Every structure is written in C-alpha cells, then in structure tokens.
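A note on names: the letters A, B, ... follow the listed sequences, proteins ahead of strands, and every chain is numbered from 1. The figures here come from the full heavy-atom set of this structure, side chains too, leaving out hydrogens, waters and symmetry mates. Computed from a prediction, not measured in an experiment: that's the story for all the values here.
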Protein chains: 2
Amino acid sequence: MAEMHGGENLLFLTDEQLRQGIEAMFFAYRGFTADPDRILATMAYGRAHHRAIHFIARSPGTTVNNLLAILGVTKQSLNRVLRTLIEDGLVESRVGTTDKRERHLTLTESGAALERKLSDAQRARMRAAYRAAGPQAVAGFRQVLEAMMEPDLRRRYHAIRETDT
Amino acid sequence: MAEMHGGENLLFLTDEQLRQGIEAMFFAYRGFTADPDRILATMAYGRAHHRAIHFIARSPGTTVNNLLAILGVTKQSLNRVLRTLIEDGLVESRVGTTDKRERHLTLTESGAALERKLSDAQRARMRAAYRAAGPQAVAGFRQVLEAMMEPDLRRRYHAIRETDT
DNA sequence: ACATTAAGTCAGCTTTGTTGACATTCCAAG
DNA sequence: CTTGGAATGTCAACAAAGCTGACTTAATGT
C-alpha cells in the first residue's frame, strides 16, 4: 500500500491515535449522558427509561417489537421499564387495530413533558459542543459515528430521517 | 437571531439536527463496544473488566484511587472487578514503595494478552471508521467529542497525551 | 498524639440486563 | 374450518454492576 504522503486517503492511524479516539469516545459518552442522568436520579427512573421515552417520542405509535430492535435489549427487559412508565401514566399502550397482538406506544402529556425536560438538557450540551467545534467538525463527527455503527443499526438510523417505523 | 446564511459561525442547529446527533451517538456507542463485548461474553468478564484492563494497560503502575477517578465508579464497585482480575492472575497489585498505602496496578502477561485481544478488536473498528470517513472527518470527530466531555474528564483526557497518572 | 488518606471489606439495595415458561393472537397448511 | 406454529407480549427468577453506609487496617502528615 502506498500511503505515505498526505493525500486524501493517508493512514495516520497509529495505535496511539486510535487509542486516543477510543478514550475520547468513552469520556464523551459520559458527558453525553451526564445531564439526563442527573435529572433521572431525582426520580425513580434510569437511563433505560430515558431511552424508551426518547424513541417513543420520536416515533409515536411505535410497537414494542420495534422499540426492541432499536434498543437492542430483550423484550423482558424493556417490558419492565415500559410497565413502570405506563403505571406512572407517562406512556400509553393501545392494542393494535389491525393486529391485536401489537401494542402501540405513545407518550401522554406528562410523558412528553419529561421527554422535553430530558432532551432539552441533552440537546443543550450537544448544541454547545457543536458550536464550540464548528460546522465542519460536526460533519466529520457525524461521518465517523455513522461508520462506527453496526450495519443494521446504521440502516435503522438512516430510516429515521424521514419515514417512521 | 440572524442565522440564515452560511457563514463560519452559522447556527444550523435545529432540534432535528441535534436529535440526529444524539441518536448517532447512541447507535455508534453500541458499535463501539460490540466487538469487545462479544469477546468478553465468552469468558466470565464484562465491560467493567474491560475498562479496568484498558486503563491499567495505558498507565501501568497506576493506583486504585487514580483508576477510580478515571472510571467514575465507587471503590466498592471497582474493587469487585479488580479482585476477580487479581485472583485470575490478569492484574498484579504491588504495595507502593514511597507510600505504602497505595497499591500499584499492572497487567500480568496474560492480562496484557487479553488487553491486546480486546483492544485489537476495538481498534480495528475504529480504524475502519476512520478510514471510511477520512482525515478531516476524524479531526472533527475528535473536536466534538472533546467539547462534549465534562471539564474534569477533559482535563484527564488531555493529561493522558504524554504524562501519566 | 491525632486526624487524614488509601485501600479494602461486609451488608444490603437498585437498575438493567439475562433465560425460561407461558398466554394470547394471527395466519397459513392441511 | 381447524389446528399447529409463529409472533407478540407478560410474569418470575436470576446475574452483573452500579450505589450507599459503616467499618477496619495501615501509613502519612501535622
């Protein structure tokens, strides 16, 4: 491979560079979840509830199975979270009309309120980071993240853009 | 706010853009941990063990307290992980020479072997993502991640570069 | 001497993941 | 039309990995 001069495709990928990327990812993810975690800690919810709420908000009427595939946990695990959210009146579960096995999930008024609170906090940090880094950096950030996803999740991620569920 | 034409500092930060960044971060982190997780699942270890091993490998001779601060967990939680690693002969704990209260942690030969196995897998994905996205994207990726960290962790992250501990 | 720090331990709890067993609903093959 | 299997969701029990609080031991610093 001829990769030694600064062209488009150069490999400046020493193990050290990669290790720094790995650690950056680790530390950044902590920052990424820090604000919602702080809010959630004051109530009886955790990060799993946040994830469920987030994806229900994004795709109102989504089914449990759908959520399962996105979140990548077992249905039993998701069910526990969902049950508390439903009991507490944050999420509504309606039996499907065409297929009565399915449950369609939507946020209630108070569920939407919590969602806003959590995502406002998370977006604020994201916005600050984007501003600090600038538009070009943001584009690169997105490209690398996408390349890092597992293929099936990348497809899901793209599917989100316009169509839902 | 006058943010409608493409200057250097333009705010293209719609809530939708930010939400996509949030989801990209979520999906990418899954990919980021997928390979090591698969390896770890075949043995009696989890992600917590991986993190400990990683940071001991990076700073051989580091103390428990140091690790605690980097990982952001309680000592009880770390201790559980560390104890199994020491019992299994992957990590060595030596009493400090200047301060005998401290324990200095290093990887044994087999600990280093596992570390290599795990980080090879993780680096391979990182390398692939970096290659796919290109050098400029990588620079942006790193900038945004840094901006997203909590200040104290950002300091730690920087401290890593040359100096240790 | 005494307070502080580093490390470790024990007990008990919470969150969030897992498997296994099971009920309900749907659909398609016989 | 029935019936057997697939899909969907629920309940129970367990495991990993976090947490708090209380405590011990040893070494350090004042």
Side-chain angles (χ1 to χ4, degrees), chain A residues 26 29-30 33-34 36-56 61-88 91-105 165, chain B residues 26 29-30 33-34 36-54 56 61-88 91-106 165:
Chain A
F26 171 69
Y29 200 78
R30 291 257 297 277
T33 56
D37 281 358
R38 261 190 289 272
I39 295 171
L40 291 159
T42 68
M43 26 192 128
Y45 298 129
R47 211 177 281 179
H49 298 85
H50 181 196
R51 291 197 285 260
I53 287 174
H54 173 101
F55 285 105
I56 293 172
T62 189
T63 64
V64 173
N65 234 6
N66 239 294
L67 217 46
L68 239 39
I70 289 171
L71 297 176
V73 296
T74 59
K75 63 183 170 174
Q76 294 89 331
S77 191
L78 175 58
N79 197 258
R80 190 197 301 121
V81 167
L82 239 31
R83 190 167 47 218
T84 69
L85 290 174
I86 291 168
E87 275 168 9
D88 297 352
V91 168
E92 199 184 356
S93 167
R94 273 187 309 253
V95 172
T97 50
T98 66
D99 188 335
K100 285 177 197 152
R101 290 173 302 182
E102 294 179 340
R103 300 297 131 91
H104 295 276
L105 305 168
T165 301
Chain B
F26 172 69
Y29 199 77
R30 290 257 297 278
T33 56
D37 280 357
R38 261 189 289 273
I39 295 171
L40 290 159
T42 69
M43 24 193 131
Y45 299 129
R47 212 176 281 177
H49 299 87
H50 181 195
R51 291 198 285 260
I53 287 174
H54 173 99
I56 292 171
T62 188
T63 64
V64 172
N65 238 2
N66 238 296
L67 216 46
L68 240 39
I70 288 172
L71 296 176
V73 298
T74 59
K75 66 178 171 178
Q76 294 92 328
S77 194
L78 175 58
N79 200 257
R80 190 196 299 125
V81 167
L82 237 31
R83 192 165 46 216
T84 70
L85 290 174
I86 291 168
E87 276 168 8
D88 297 353
V91 168
E92 200 185 354
S93 168
R94 273 190 310 254
V95 172
T97 50
T98 66
D99 188 335
K100 287 176 195 150
R101 289 172 304 181
E102 296 180 337
R103 299 298 132 90
H104 296 277
L105 305 168
T106 47
T165 299

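Screening A:L40, A:I53, A:V81, A:I39 for a side-chain contact (heavy atoms from CB on, under 4.5 Å) involving A:Y45 leaves a single residue, A:L40.
Side-chain contact between A:L71 and A:F55 is present, with heavy atoms from C-beta onward closer than 4.5 Å. A:E102 has its side chain out of reach of A:V64: every pair of non-hydrogen atoms, C-beta onward, lies at least 4.5 Å apart.
The side chain of A:R103 lies closest to D:dG9 when the candidates are D:dG9, D:dA17, C:dA6. Relative to the side chain of B:D99, the nucleotides C:dA7, D:dG18, D:dT28 differ in distance, and D:dT28 lies closest.
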Side chain to side chain contact (heavy atoms under 4.5 Å, CB included) between B:T42 and B:R38, worked out: CA-CA 7 Å; B:T42 69; B:R38 261 189 289 273; over 6 Å; no
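Heavy atoms of A:A44 sit under 4.0 angstrom from primed sugar atoms or phosphate atoms, though from no base atom.
For A:H49 and C:dT16, the shortest distance from a side-chain N or O to OP1 or OP2 is below 4.0 Å. Taking side-chain N and O atoms only, A:R47 has no distance below 4.0 Å to OP1 or OP2 of C:dG17.
Using modelled atom types and a 3.5 Å distance limit, the side chains of B:T63 and B:H104 yield no donor-acceptor pair.
Residues B:E92 and B:R94 are paired through a salt bridge, judged by an N-O separation under 4.0 Å between the basic side chain and the carboxylate.
Between the CG atom of A:L40 and the C1' atom of C:dT14 there is a distance of 14 Å, rounded to whole Å. A straight line from NE2 of B:H50 to P of D:dA17 spans 13 Å, rounded to a whole angstrom. Look at CG on A:L71: it is 16 Å from C1' on C:dT18, rounded to the nearest Å. Distance CD (B:E102) to C1' (D:dT28): 11 Å, rounded to an integer number of Å. Taking atom CG on A:D37 and atom P on C:dT15, their separation rounds to 13 Å, with Å as the unit. B:R51 has its CZ atom 15 Å from the P atom of D:dA16, to the nearest Å.
A:D88 contributes atom CG, which lies 11.0 Å from atom CE of A:M43 (distance to the nearest 0.5 angstrom).
A perpendicular orientation is assigned to the rings of A:H54 and A:H50, their planes being inclined by more than 60° (bins at 30° and 60°).
No donor-acceptor distance shorter than 3.5 angstrom exists from the side chain of B:R51 to the backbone of A:F26, with no hydrogens or angles considered.
Using a 4.0 Å cut-off on heavy atoms, the residues of residues 75-88 of chain A that approach DNA chain C are A:Q76, A:S77, A:R80, listed by number.
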What N/O pairs connect the protein and nucleotides 2-5 of chain C at under 3.5 Å? Give each pair on its own line.
| residue | atom | partner | partner atom | Å |
| --- | --- | --- | --- | --- |
| C:dT5 | O2 | B:R101 | NH1 | 2.5 |

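For the pair A:M43 and B:L105, nearest-nucleotide mapping onto DNA chain C gives the more 5' position to B:L105.
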